[in-house]
Each structure stands twice: as C-alpha cells, then as structure tokens.
Amino acid sequence: MTVEKIDTLVIGAGQAGVAMSEHLSNLDVPHLVLERDRIAEKWRTARWDSLVANGPAWHDRFPGMEFEDVDPDAFAPKERVADYFNDYAKKFNAPIRTGVEVKNVVRNADQPGFTVETSEGTIIANRVVSATGPFQHPVIPPIAPKDDSIHQIHSASYRNPEQLPEGAVLVVGAGSSGAQIADELQRAGKKVYLSVGPHDRPPRSYRNRDFCWWLGVLGEWDAEAMKPGTEHVTIAVSGAYGGQTVDFRRLANEGMTLVGLTKAFNNGSVTFQSDLVDNLNRGDDNYLELLDAADAYIERNGLDLPEEPEARTRFPDADCITNPIVELNLAEAGITSIIWATGFATDYSWLNVNAFDDKGKPAHQRGVSTEPGVYFVGLPWLSRRGSTFIWGVWHDAKHIADHIATQRKYLAYRDPSQR
C-alpha cells in the first residue's frame, strides 16, 4: 500500500480544524485535514433539535465571514452553524478529507515526524495537530442508578421532548445544556426536576449590550487563567427563544423543581446535597458582579446606554428553594427519565506520543505540546477564557500555525556549505 506524506496533518474538521486549515493555507504550509464524519458533524448530530449558538451571530463567527442570512444580534440554529463551517472551508478550498478515521499516531524512530495509521491507509507527517475538541465522549457518572425502568440518556443523545416516555424528568447538571433542556421540557408540559450545582450565570444582555460584548470590553475573554476555586464551576447561558438570561429562580416560579447537587441513588430514591441555596446565591452574585462591572465601565467611559434597573429584580423564592428537597423517591415523584447533562471526556488513545501529563491530559503551552511537532487546538482555556468560542478557536489556531511556519523556516536553513 502506498504511504502518503504530508508536512502537517490536522485531525478533526470541526471549527478548530477549519480554522487551523485556513491559517496554514495562508502561510503556504502543505497540510491535510482528516475528519471521520462530515465537516462540523457534532453540530448536526450530537446536539438537540432546537439548539442555537450561545452567542449572537456578530460574535460567534470567524473574522473572515459573516452569517449572511442571520441577523447579527440573533442566534444561529445548529444546522446553520454547521453549514457556516462547510461554506467557510469551501471559501479557501480547505484540503479536508472526510470519512477517514485516525487510529494511531506514533513518533518515527528512524526519520523525522510521525506515522499515522488511518482507516484509509498510512500517512507520514512531519507535524500533527489534534483538533478533535473537548466534547468527544459523553460522561455519565458512576452514581447513575442500575435501574432498567428509568429511561436514562446523556444530554448528547437528547433531541426533543417527544423522545422521552410519559412522566417527570430529572435533569442532572445546570450548565448551558442542562438549563436549556430543562426549560424546553417544562415548556413542553413535562414535570421537571433540575439538579443545580455551582455555576456562573451572566445576563444574556444588559443595557443594550449582549454579555459577549461585556466580557470583551471588560477583558474577561482574554483572561489567561481560571480564577482559583472555579475549576468545577459551569456557566449557564442560552441563546434559546431569542436569547434570555438563565434565571433558576424564574424557572422555579414557573413550576420547575430545583434540587441541589445529585449525591447518590439507592433503593429507588435519589439524594441531593444540601447546597441548592448556596449554589443559587453564588450564581446571583456572579450575575450582579457583571452588572456592577458594566455600570462602572459605562460611567468611567461616559457611554450613553439606557439604564436597566429591572435587571436587578429578583424573583421570590419558590417552595423548592425555601424547603429544599434532599431525598426523593423516583416512583412517587413520577420520574421516568433522567437526562445526564454532566459533560464530556476526551479520548486520546489514538495519539501515542509524549504529549500528556501524569493524569493523561494534554501538556502544552498555548497548544504547543511537550512532544515536538504535536499541537492541540480547540480545548478549553488553551490560551484564554474565550478559547472554546468560535472566534477564540480561530485566534488560537493562528498562533499554532505561526509556530509551525517558524519551525519550517528553521528547518529550511542551509549553511554556507549547503548553499
């Protein structure tokens, strides 16, 4: 079988892989992008039907192309986002090969670069860029009950309310996915229990500016490290229904039952941590901190933006907040489904190189790994808070492409005897 050779091999053709290809193309770096499915496949088939982007179209895009058929302040539907990346790749004739799965990558012992085994043959690459992103394998925690009478799925498998059996639903996890799914189920007439852990919940918009704008002018997107103690704090934000602030107290007033962090299942019952009020208060504090920072920025810069005092109005506490539930019998509550909005894990079993720490996580500096010639793009906090947003991925990819181009210039050097 013929062995193919390429300078740089990019693995994955989602937003990270497409951005990587654009920058490599601009720098005349010969490269190939491999994708086991279709371009931006996760946007099409690993999301629920009604999902829209969490940021407005003016913000959640690459610098080189706008969403022509989406209002700049609207939130693009998931299929439109996938089409956007497909169209963007066509714009510069990205060398993307779909339907090819990468099975193994190892460093060569007797020649530069890496040997890459794929479902379509062998490739020798001088450099390898992992653009597979952070959402690879849905994680359902081991506390999940071993009960066949309960319909259990991960949020990655949720599509719409109609796929669930009759009865109430417990949604575990109140980040962006869990909050939006729980809201959709309640609007569809389901009785919903939502397990709420530590979270941040920024305002969707404030004083005529989307929260994406506020985080930009306040320098939050460019923060280079998490604040201590926030490693396990999720963010609840949504573009659904035209874009609304996620307000758990409002959801409770509308009939949703909020509970604390899910602790355990035993003999048909589920127990929760007694942390619901603390988690809600922390989310409120985060919300108000951003309002305060925005007000201070407006005053400091003399901006003429309308005041919005109603943004500080707090919904009254529903009974589930004043009398938190710490144990619930699933059958008595009529719960027939559990949706685990509990995040994802990465899988680098195919990347057998020295680019990981002792916990198996990528060891890198702004995507440049500890294994020379191996790079990562599309991971949370790769270089800044905004790294997992579409525009953030684009800027991270540029840094990595520049690094690759610089290395190529060094390798192209010839001393006087070789000229």
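Quick note: numbers below take in every heavy atom, side chains included, and nothing from hydrogens, waters or symmetry partners.
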Is the closest side-chain donor-acceptor distance between [X] and [Y] under 3.5 Å?
{"X": "Ser155", "Y": "Ser177", "answer": "no"}
{"X": "Glu224", "Y": "Ser383", "answer": "no"}
{"X": "Lys78", "Y": "Ser50", "answer": "no"}
{"X": "Ser349", "Y": "Asp347", "answer": "yes"}
{"X": "Asp210", "Y": "Ser205", "answer": "no"}
{"X": "Thr346", "Y": "Gln136", "answer": "no"}

Asp319, CG atom: more than 12 neighbouring heavy atoms under 6.0 Å: yes
If you count the non-hydrogen atoms of other residues, nucleotides and ligands that lie under 6.0 Å from CZ in Arg36, is the total more than 12? no
In terms of ring plane angle, is the pair [X] and [Y] parallel, tilted or perpendicular, where the classes change at 30° and 60°?
{"X": "Phe62", "Y": "Trp394", "answer": "tilted"}
{"X": "Tyr88", "Y": "Phe92", "answer": "perpendicular"}
{"X": "Tyr206", "Y": "Trp214", "answer": "tilted"}
{"X": "Trp48", "Y": "Tyr158", "answer": "tilted"}
{"X": "His59", "Y": "Trp391", "answer": "perpendicular"}

Could you tell me whether [X] and [Y] have a side-chain N and a carboxylate O separated by less than 4.0 Å?
{"X": "Asp37", "Y": "Lys42", "answer": "no"}
{"X": "Asp402", "Y": "Lys398", "answer": "yes"}
{"X": "Arg249", "Y": "Asp317", "answer": "yes"}
{"X": "Asp87", "Y": "Lys91", "answer": "no"}
{"X": "Arg38", "Y": "Glu41", "answer": "yes"}
{"X": "Arg312", "Y": "Asp292", "answer": "yes"}
{"X": "Asp275", "Y": "Lys263", "answer": "no"}

Evaluation steps, side-chain hydrogen bond (donor to acceptor under 3.5 Å, both in side chains), between Glu327 and Thr271: CA-CA 4 Å; Glu327 184 171 3; Thr271 54; over 6 Å; no
Would you please test Asp183 and Arg187 for salt bridge (charged side-chain N to carboxylate O under 4.0 Å, His left out) and show each step? CA-CA 6 Å; Asp183 189 12; Arg187 289 169 185 256; 3.1 Å; yes
Evaluate the criterion side-chain hydrogen bond (donor to acceptor under 3.5 Å, both in side chains) for residue pair Ser269 and Asn267; output intermediate values, then yes/no. CA-CA 6 Å; Ser269 293; Asn267 295 325; over 6 Å; no
Ring centres under 6.0 Å, that's the criterion: do Phe344 and His137 meet it? no
Write out all pairs satisfying side-chain hydrogen bond (donor to acceptor under 3.5 Å, both in side chains) with one or both partners inside residues 160-175, taking only residues at least two apart or from two chains. Asp49-Asn160
Of all pairs that satisfy side-chain hydrogen bond (donor to acceptor under 3.5 Å, both in side chains), the ones with a partner from residues 351-369, not counting sequence neighbours: Asn104-Asn352
Student check: side-chain heavy atoms of [X] and [Y] closer than 4.5 Å:
{"X": "Pro161", "Y": "Glu184", "result": "yes"}
{"X": "Arg107", "Y": "Pro372", "result": "yes"}
{"X": "Ser130", "Y": "Ile11", "result": "no"}
{"X": "Asn286", "Y": "Val233", "result": "no"}
{"X": "Thr8", "Y": "Val129", "result": "yes"}

Heavy atoms of Ile404 and Met20 approach each other most closely as CD1-CE, 4.4 Å
Contacts of [X] that satisfy salt bridge (Lys or Arg N to Asp or Glu O under 4.0 Å) - sequence neighbours left out:
{"X": "Asp247", "value": "none"}
{"X": "Arg80", "value": "Asp69"}
{"X": "Glu254", "value": "Arg250"}
{"X": "Glu4", "value": "Arg97"}

Please test Ile339 against Ile181 for side chain to side chain contact (heavy atoms under 4.5 Å, CB included), starting from the C-alpha separation and ending with a verdict. CA-CA 9 Å; Ile339 297 178; Ile181 291 171; 3.9 Å; yes
Counting N and O atoms only, with roles assigned by atom type, does the side chain of Ser157 sit under 3.5 Å from a partner on the main chain of Ile153, one being a donor and the other an acceptor? no
Lys NZ or Arg CZ of Arg314 over Tyr287 ring: under 6.0 Å, within 45°: no
Is the terminal nitrogen or CZ of Arg61 (NZ for Lys, CZ for Arg) located under 6.0 angstrom from the six-membered ring centre of Trp58 and within 45° of that ring's axis? no
Worked check of side-chain hydrogen bond (donor to acceptor under 3.5 Å, both in side chains) between Gln152 and Trp340: CA-CA 8 Å; Gln152 299 185 64; Trp340 295 93; 3.0 Å; yes
Value for CG (Asp7) from CG (Asn126), rounded to nearest 0.5 Å, stands at 5.0 Å
